[in-house]
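Input: a single structure, listed below in structure tokens.
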Amino acid sequence: MLEFVLRRILHSAVSIVGVSIVIFTISRMSGDPLLLLLPMDAPSEVIAAKRIQLGLDRPYVIQYFTFAKNALLGDFGFSYRWNVPALQLVLERLPATIELACAAMVFSLSVAIPFGVFSAVHRGSWFDRFGKVFAMLGQAMPNFWIGLIAIMVFAVGLKWLPAFGRGTLAHLVLPAIALGWYPVAAMTRIIRSGMLDVLDAEYIRMGRAVGAPEWILIWKYAFRNAAIPLVTVLGVYFAASLGGAFVVETVFAWPGLGRTVVEAVFSRDFPVVQAGVLVIAFLFVVTNMIVDISYGLIDPRIRHDR
Amino acid sequence: MTADIYPKNAHRISAMRSHIRRIFFRGSTKPPILSLAFLAVIIVTAIGSQAISPYDPNALNLANNFQPPFWDEAGSFHHPLGTDNLGRDILSRIMAGTRVTVVVTFYAIIFSGGIGALLGMVAGYFGGWTDTIIMRLVDIQLSIPALALALVLAAVLGSGLSTVIIVIVVTYWSWYARIIRGEILSIKGRDYIALAKVAGCGPVIIFWRHLLPNILNILLVLASLQIGQVIIFEASLSFLGLGIQMPDVSWGLMLSDARGYMGNAWWAITMPGIAIMLTCLSANIMGDWLRDIFDPKRNQL
């Protein structure tokens, strides 16, 4: 088991190093960062001095190692725009993003669980068929459009909920729905098929024969077992919603990491882009690693497979 | 005389017919006629949008702005889906956006599928170091959220049609590579591959004649399941302002425009979204159908 965990951690570390190389290379391709840092009419000796000062005259590989060393120490340079350390800016915005991702997860679960259980119990009913159509529609709608429609109906039209910003619980509702909509379909399907497997099991039929009430059979005995596959995919959806945050945060002016990175892209604020994307990739990799390790804990076959 | 009634290659035609029938009506999976028809309409619109669109998608008509769709009391059939804040006809703009959507989807899928399948085949067939390097790249690729990578790339390349296609290809090749590699691993141990090697076939011939035909079905299913994702991805990028730029028209860009005046014109923000939704829905239904036909055992693609 220890070997499996260590190997998995090593894998993740390699992935993160790879991500950092990719991001570093892409942002170096964008042209000379000096042109962004200095005024257009800076004299050539000033440019040359600055180049040596920042180490941009050294070979690419050396530059990468300098970047990686500094990144490991948490130093991504200063934001060109805000003039504060890039990592500090990114970490300040991170809690808002995690808050939103958690709220989206809560929304997805609170829709998917009753839908999945109900459509498994009443398999083939109109509700089950409606659920299927609903799920297909959910996967065909971009999350930002759901957000826009929700703003138009609930914020602009009915004026029930605020459309922008962060603060009260009410601010969280619409963005969480927009971000949590997509996973609902997949989660419902997982719960439904899990329930279908379990509902035919001996112990459920036994319980029924003994005369236990149907709702106890469903929720206490069947659902608990059907939920196991759901627990294992939760991490994956959490990681995915970190990626989805870019668009949804922009729609709702949510002061999170995603919106910060999008704005930094527009103002060509590369330290912030690099720090933001690396932090998101780091969270993504770590979440997936935890998911994999927990698979290994639950199912010993996976441990020995790799 | 019979020769006139039955053409020489009659047996071939009938074999082909039964093959087609098998594809369309194998088992209980009936073709989703409605979805296929809708996709056909989309493609025809994309090809002929300039000829059949009622207005120039960029023609301004400020006197005529905020016209509601025809079923509204104030609306008319002059602008069936209404007009936006600058009086541009929304139906014409959606038709012009169809063109961009189809072009992006087509190239993105061809290139990401081609590159991904090739790398997956190479990794699976040769194994060893090649496999390790390619699969490590896939892992790295999969550990960056797609939109994050897209943002970095768009920041560097600038926005536009070709950027969108490049970003999608860079994002999705790994998906093909991983699945195709797995498939090749299960195929390459078969006898006919070993026999082909004994007979002196080089890797190129083995790839082309023996491996590719065996993965074509899966490739087709993967590609059709990818259509919806590509469309949403393009719309998201254009919505953020990193994709298609004015004066080109894209559904995502229309939504980004309409965001500013959603209180005045609900149709301007609803219609392009419905276009995205129906197209993705049809593509996903088609993908599910193809998967049921070609890959009934594994529903995991």
Side-chain angles (χ1 to χ4, degrees), chain A residues 11-12 14-19 21-23 26-31 133 136-137 139-146 148-149 151-153 155-157 182 239-247 250-251 258 261-262 264-266 268-270 273-274 276-278 280-285 288-289, chain B residues 35 136-159 170 228-229 231-242 251-252 255-256 258-259 262-266 268-270 272-285 288 299:
Chain A
H11 258 202
S12 310
V14 171
S15 293
I16 290 174
V17 171
V19 171
I21 293 178
V22 169
I23 291 170
I26 296 176
S27 31
R28 274 295 177 276
M29 270 159 41
S30 67
V133 174
M136 294 220 76
L137 279 180
Q139 294 196 314
M141 291 191 272
N143 52 14
F144 66 91
W145 186 58
I146 294 171
L148 290 173
I149 296 288
I151 289 178
M152 191 171 75
V153 175
V156 178
Y182 187 81
S241 65
L242 288 175
F246 291 106
V247 195
T250 306
V251 171
V261 173
V262 171
V265 166
F266 279 110
R268 303 180 73 76
D269 196 347
F270 281 108
V273 176
Q274 285 172 348
V277 171
L278 261 181
I280 287 191
F282 181 77
L283 287 175
F284 202 76
V285 170
N288 282 325
M289 182 183 81
Chain B
S35 307
R136 210 34 79 232
L137 274 177
V138 168
D139 277 355
I140 291 170
Q141 167 72 60
L142 291 175
S143 49
I144 315 180
L147 263 172
L149 184 64
L151 286 174
V152 181
L153 272 176
V156 171
L157 299 173
S159 37
V170 170
Q229 294 179 31
I231 292 174
I232 289 181
F233 203 85
E234 184 273 316
S236 306
L237 279 180
S238 299
F239 176 78
L240 287 176
L242 296 165
W251 294 338
L255 287 173
S256 160
R259 195 183 158 199
M262 59 165 81
N264 296 326
W266 58 267
I269 214 158
T270 315
I274 291 179
I276 295 175
M277 187 178 79
L278 289 180
T279 314
C280 292
L281 189 64
S282 308
N284 289 345
I285 291 175
D288 283 350
N299 270 354

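Just so we're clear, the structure is a prediction, and the values are computed from it rather than from any experiment. Just so we're on the same page: letters track the sequence lines, and every chain starts at 1.
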Rounded to the nearest 0.5 Å, what separates atom CZ in Arg136(B) from atom NE2 in His11(A)?
4.0 Å
Below 4.5 Å from any heavy atom of chain A, which atoms of Leu137(B) appear? Answer side chain, backbone, both or neither.
neither
Which atoms of Leu148(A) approach chain B - backbone, side chain, both or neither, heavy atom under 4.5 Å
both
Any side-chain heavy atom of Gln141(B) within less than 4.5 Å of one from Val22(A)?
no
Does any backbone or side-chain atom of Ala146(B) lie under 4.5 Å from a heavy atom of chain A? Answer side chain, backbone, both or neither.
neither
Chain B contact via Val251(A) - side chain, backbone, both or neither, heavy atoms under 4.5 Å:
both
Measure distances from Val247(A) to the heavy atoms of chain B and classify the residue's part below 4.5 Å as side chain, backbone, both or neither.
both
Most contacts with chain A, counted as non-hydrogen pairs under 4.5 angstrom, among Asn284(B), Ile269(B), Asp139(B):
Ile269(B)
Looking at CG of Leu242(B) and CZ of Phe266(A), how far apart are the two atoms once the value is rounded to the nearest 0.5 Å?
4.0 Å
One should read off an interatomic distance between Leu240(B) CG and Phe246(A) CZ, to the nearest 0.5 angstrom, of 9.5 Å
Roughly how far apart are Ile140(B) CD1 and Ile16(A) CD1, rounded to 0.5 Å?
11.0 Å
Go through Met136(A) and Asp288(B) one step at a time and tell me if the side chain to side chain contact (heavy atoms under 4.5 Å, CB included) criterion holds.
CA-CA 11 Å; Met136(A) 294 220 76; Asp288(B) 283 350; 3.5 Å; yes
d(Trp145(A) CH2, Ile276(B) CD1) to nearest 0.5 Å is 8.0 Å
Select one option (side chain, backbone, both, neither) describing which atoms of Leu137(A) are under 4.5 Å from chain B's heavy atoms.
both
When the 4.5 angstrom heavy-atom criterion is applied to Ile274(B) and chain A, the contacting part is both
Of Ile149(A), Ile151(A), Val153(A), the one forming a side-chain contact (heavy atoms from CB on, under 4.5 Å) with Met262(B) is Ile151(A)
To the nearest 0.5 Å, what is the distance between CD1 on Ile232(B) and CG on Asn143(A)?
8.0 Å
Picking from Val285(A), Val19(A), Ile146(A), which has the most non-hydrogen pairs under 4.5 angstrom with chain B?
Val19(A)
With a 4.5 angstrom heavy-atom cut-off, is it the side chain or the backbone of Ser282(B) that approaches chain A, or both, or neither?
neither
Could you look at Phe282(A) and say if it's the side chain, the backbone, both or neither that has a heavy atom under 4.5 Å from chain B?
neither
